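Here the structure is laid out as structure tokens; the discussion comes afterwards.
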Amino acid sequence: MMRMLIHTRAPRLFLHSRQLSTVSSSPPRFSRLARVLVLSSALTTSALGYAFYTDASSTTPASSDTRTLSDLVRAYVTYGMCSIPVLVDASPTILDVLFGIPGVNKVAQCFVRATFFRQFVGADTADGVLPLLATLSAENKGIIFTYNVEVDQSDAVGHNTGEKESVHERIVKEIITSINVAADFEDRRKNPEFGGKTCVAIKLTGMLSNAQSLINLSTYLTHTRAPLKPPVPFPGTPFPSDLSILHSSIPTGALTESDIHDLKELYNALVKICKHAADRGVRVLVDAEHSWYQPAIDAFGHALMEKFNKLPTTEAAHHRVQPVVYVTYQAYLRRTPAHLAHSIALARARGYALGVKLVRGAYHPYELAAHQVARSTTTSISPTESSSFSISPDLEPPVQPSKEATDQCYNTCAAFLVDAISSDIHRSGRSDAPGIGVLFGTHNWTSCEFILEEIVKKGLGTVERAGGGDVVRIPPEVAERITFAQLYGMSDALTNHLVSRMQCEAPCVLKCVPYGALVEVMPYLSRRAIENKSVLGAGNATRERKEAAALIWKRMKGLVGL
């Protein structure tokens, strides 16, 4: 990225210095060099101008986009770089190098803050996100707070006492802070008849001093869970007894005494977070991660749902927002249809609301590579000595074989969930006690339109003519159960389209907004760039760039009266 920046600025810098020397009777060869540089600069500018004109003229600008001109320019530059796969793959290495060079690191930080940080990160602090939250709220959108920093243990120092503080303890405190910020905002604006749509997302690997404990618990659960008929492919599906091992301090199988201690602390931290969220009316989304963490994450997630999503039994509880806790389901895992069916049956049998965040998944190439390494090494060495993280006992990889299969699985699961919501509403007869709530996390236009069609087909929404187009009117009891979400800084055209297509009293569309200090979120940004290749790939980054160019061109024509 910095190499590109230097390349585009170099002609002007050299030209300025040569012009000064030409005034003082420079030798003819300097004049020739100046002419070459002038010509090169002109050609570069012409090429960039032609590229921008081509982008701007190849896409029809959206009519409902409210971004400023500076926002659009930033988006165009950022997505221009995201359109180069080689640059995306190399970004972690490039940033590591640049941020490690004294002097250069300051320039690099300024560049990253002006581009990627401002494009994909809400602010440095939770309070700093409030202006963005107010803007999105005015557009009938909610947000998902995500404090997703990755810092060295040596950097985590207590701010008041100067004493050392573990990274995971600091993250737990920050999650509590984000809950308070979200709840305070909702308290100032929400209709008490409807729950607020501001959420917080939590990542379990960031809340442990040693994430290996989650892998060890996953390994233990994979070998001790009772087999199901029909079987659920790895990483399986949770059982109510999954966390019973935490009541013991005796090492068992893959779990050490230290693992059990750390996992107990994690559970206590999660209970603290979810209790505070329930008290403040904020929803908690438990993120999914690599498959070798997932059996453990499922165990914690479903234990939390059973504890905090208990269905109300008295009229006094009718204002309580349900569900409080959501667990993430990844459509690229082969297990997901069976896993969803088992989860719904388990929730109904044990009397708690099921919170589902349905996504496609972000780790497909890593899962395939890890499984391939594990299968090739287990023939010669024991699985515990394998260089792969994969713990799957299945012959097939845990993920779908292709993007097309993942897309089909997502839509199949979405239809299943909409049907379950329809049954939930008609079965319970109560709009204040959802037995299931679903957040559809997707950047796919086809899936979004498919879900809206299913909502109408199942009688959960009605189509009306408004503003020259069809809109789907969503009643309160459905709005409490169904939400869409996209990442902040991405797919704004889709987000705006969904807002315009759905009429409901509470926001039905959210933006996932990460926040944190620049240095802390840098690993997140570089990792996210690679993870989101499935979102930005297949021409999506190019489409985002072209949409920004078209809007810039539209604003420029408006300014000069063309």
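Worth saying up front: this structure is predicted, and the values here are computed from it rather than measured.
Not counting sequence neighbours, the partners of T442 by the side-chain hydrogen bond (donor to acceptor under 3.5 Å, both in side chains) test are R360. Residues passing the ring pair (Phe, Tyr, Trp, His ring centres under 6.0 Å) test with Y410, sequence neighbours excluded: none. Legend: residues meeting ring pair (Phe, Tyr, Trp, His ring centres under 6.0 Å) with F484, ordered by chain and number and at least two apart, are F440. Partners of E174 by salt bridge (Lys or Arg N to Asp or Glu O under 4.0 Å), not counting sequence neighbours: none found. Every side chain to side chain contact (heavy atoms under 4.5 Å, CB included) that A134 has, sequence neighbours left out, goes to F185. With sequence neighbours excluded, the residues satisfying salt bridge (Lys or Arg N to Asp or Glu O under 4.0 Å) with E464 are R473. For T68, the side-chain hydrogen bond (donor to acceptor under 3.5 Å, both in side chains) partners at least two apart in sequence or on another chain are S70, D71. With sequence neighbours left out, the salt bridge (Lys or Arg N to Asp or Glu O under 4.0 Å) criterion links E453 to no other residue. Every residue two or more places apart in sequence or in another chain was checked for a side-chain hydrogen bond (donor to acceptor under 3.5 Å, both in side chains) with Q400, and none qualifies. Legend: residues meeting side-chain hydrogen bond (donor to acceptor under 3.5 Å, both in side chains) with T483, ordered by chain and number and at least two apart, are K197.
Residues V286 and K357 have side chains not in contact (no heavy-atom distance under 4.5 Å, counting atoms from C-beta outward). Looking at heavy atoms from C-beta onward, I144 lies in side-chain contact with L439 at the 4.5 angstrom threshold. M207 places a side-chain heavy atom less than 4.5 Å from the side chain of L270. Residues I273 and I176 meet the side-chain proximity criterion, which asks for heavy atoms closer than 4.5 Å. Here the side chains of D287 and I202 are not in contact, with every heavy-atom distance at 4.5 Å or above. Between L460 and E454, the closest side-chain pair of non-hydrogen atoms is not below 4.5 Å. Under the 4.5 Å side-chain criterion, counting only non-hydrogen atoms from C-beta, I474 is not in contact with E505.
Between I552 and Y76, the shortest heavy-atom distance links the atoms CD1-CB, 4.0 Å. In terms of heavy atoms, L452 sits closest to L498 at CD1-CD2, 4.2 Å. Counting all heavy atoms, side chain and backbone alike, C508 lies closest to A479 at SG-CB, 3.9 Å.
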* Taking it one step at a time, do N411 and D407 satisfy side chain to side chain contact (heavy atoms under 4.5 Å, CB included)? -> CA-CA 6 Å; N411 289 349; D407 290 341; 5.5 Å; no
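Just one of N496, L510, L133 meets the side chain to side chain contact (heavy atoms under 4.5 Å, CB included) condition when paired with K141; it is N496.
Sorted by first and then second residue, the salt bridge (charged side-chain N to carboxylate O under 4.0 Å, His left out) pairs involving residues 100-127 (not counting sequence neighbours) are R113-D124. Within the structure, salt bridge (charged side-chain N to carboxylate O under 4.0 Å, His left out) pairs that include any residue of residues 508-519 comprise D492-K511 (at least two apart or interchain).
The closest donor-acceptor contact from the side chain of T336 to the backbone of Q330 lies under 3.5 Å.
A distance of 11.0 Å separates CZ of F117 from CD of Q109, quoted to the nearest 0.5 Å. Distance CD/Q294 to OH/Y329: 10.0 Å, rounded to 0.5 Å.
Ion pairing of R188 with D184 is absent here, as no side-chain N (NZ or NE/NH1/NH2) approaches a carboxylate O to less than 4.0 Å.
Classification of the H364-Y332 ring pair by plane angle, with boundaries at 30° and 60°, yields tilted.
Donor-acceptor pairing under 3.5 Å is recorded for the side chains of E449 and H497.
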